[in-house]
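Worksheet: the structure to be examined is printed underneath.
All heavy atoms count here, side chains included; hydrogens, waters and symmetry mates do not. Counting convention: from 1, in listed order, for ligands and their atoms alike. Owing to the predicted nature of the structure, the values given are computational and were not obtained by experimental measurement.
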Amino acid sequence: MNNFEEYCTQFVQSVGNKEGAVSPAITSSASFAYGDPETAEGIFNASVKKPLYSRMGNPTTAKLESVMAQMDGGIGAVATSSGMGAITLATMSLLSSGDEIISVGGLFGGTYSLFNETLTRFGITTHFLDVDDLDGIKTKINENTKIIFCESVGNPNMKLPEIKKIADIANSAGVVLIVDNTITPMSIKPLELGADIAVYSTTKIISGNSSALGGCAVFRAINDGDDKFKTARYKDLHKFIDKMGKMALIPNAKKRALRDFGMSASAHASYQTLLGLETLALRMDRVVKSVEIVASALDTAGLKINHPSLKSSDQNAKYKELFKNGCGTLLTIDMCTKEKAYEFLNKTKLATLTANIGDSRTLALHMASTIYSDFNQEQREFLGITDGLIRISIGLENPQDIIDDFIKAAL
Ligand code: PLP
């Protein structure tokens, strides 16, 4: 049984209700009436479990959070307005001025910009390391290091991190590991591999059809005995551990990020995302097979394809050993020049040109002129952005139709 089979049962059983309306209810209210002041006080001090205000949580969003936490074996989750919201929530709930992040491997442009530009304005430094530079991680860790961060698959450089080895380093040094698992939900299980937090842009394959912007951070439980969160490195968390025990990372994220920054999910987006979750396992199963078929056929046709399933990829050995359920929907085509890339994009009839990934339909985008247009040459080189690079996100179409269209477009 591959990873996806178990989720086919889990998702449909947990999203729908067994009584009353089968489809999850959309609670489209910003605020909630408390009835009496005693209840209001209880809600605010967390002794009464009722909704407080939609910035801090909403019943539809809570349902989504419980399914997401179950998917990753977390103690809980916090859904957000976008994937960037989830990354900001997970990082900013742990960071203070003077802290450091170690970012390993390929990185989505928005996250790179958050770490490299925005967080530096708040006194937070990020060290960017190559995906295989495990010794570099050990060397860079010091008493200010709060977070090690990696993407399960570098977007768009297709580099694959050895998450278990990175987690072992993080755990022996007592540092938190956050994995952006947007591209490989279910295929990779970050918390099982030793990470502390998994973050997602649910905008991508989880909702899966461009209907909802959203994000989610899934947190592990604090251990009853020793736990790195109980050390001086994470002293700001201790009051939450004293009050909430193993759940502490959830109120910490809600109080230190959601309440103050307000990157809260909307009930409508949470509902659309729940609908996406029902079919996520089926879609992933199909698309990870399609992407290999398409990558192989285009490679054989002589196009410059980057996908870890190809023997030509320097990531192939890691792919075969560590990514047995595939590595998501992406591949890249390097057309060598911007002109050739534009020609391809103007000729393809099948691909939709957009900045999204993980959609039901195949998507394509020239990287250097769009997401990375304000990155300098050195940053582009580090992130693997060449002049002719096109990122493709394979959809649910018949793979042969995609191959035929792409070969015609490349001629
Ligand atoms: N993480 C990854 C790997 C992404 O590809 C993206 C968006 O492309 C994000 C995070 C940000 O997600 P959102 O657009 O939902 O903010």
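- Ring pair Y372/F375 is perpendicular by interplanar angle, where above 60° counts as perpendicular and below 30° as parallel.
- A donor atom on one side chain and an acceptor atom on the other are found under 3.5 Å apart for T386 and D334.
- Within the structure, ligand 1 has I357 among the residues with a heavy atom less than 4.0 angstrom away.
- For a threshold of 3.5 Å applied to N or O pairs, the pair formed by D180 and ligand 1 contains at least one separation below that value.
- Scanning the protein heavy atoms around atom 6 (C) of ligand 1, the nearest turns out to be K204 NZ, 3.3 Å.
- Side chains of T329 and S393: a donor on one and an acceptor on the other come within 3.5 Å.
- Residue T203 has at least one heavy-atom neighbour below 4.0 Å for each of these atoms of ligand 1: 15 (O).
- Between H366 and Y342, the ring planes lie perpendicular to each other; the angle is over 60°, past the 30° to 60° tilted range.
- Side-chain polar atoms of T203 and S201 form a donor-acceptor pair below 3.5 angstrom.
- The shortest N/O to N/O separation between G85 and ligand 1 does not fall below 3.5 Å.
- Aromatic pair H238/F229: ring centres not closer than 6.0 Å.
- In terms of polar-atom proximity, S201 is counted as a contact of ligand 1, with an N or O under 3.5 Å from an N or O of the ligand.
- Ranking protein heavy atoms by distance to atom 5 (O) of ligand 1, first place goes to N155 ND2, 2.8 Å.
- Qualifying salt bridge (Lys or Arg N to Asp or Glu O under 4.0 Å) partners for D133, counting only residues two or more places apart in sequence or in other chains: none.
- Interface atoms of ligand 1 facing G83, defined by a heavy-atom separation under 4.0 Å, are 12 (O), 13 (P), 15 (O), 16 (O).
- A heavy-atom separation below 4.0 Å is found between G214 and ligand 1.
- Summary of contacts: the protein heavy atom closest to atom 11 (C) of ligand 1 is F108 CE2, 3.5 Å.
- Looking only at protein heavy atoms, the nearest one to atom 16 (O) of ligand 1 is M84 N, 2.9 Å.
- For R220, the salt bridge (Lys or Arg N to Asp or Glu O under 4.0 Å) partners at least two apart in sequence or on another chain are D196, D227.
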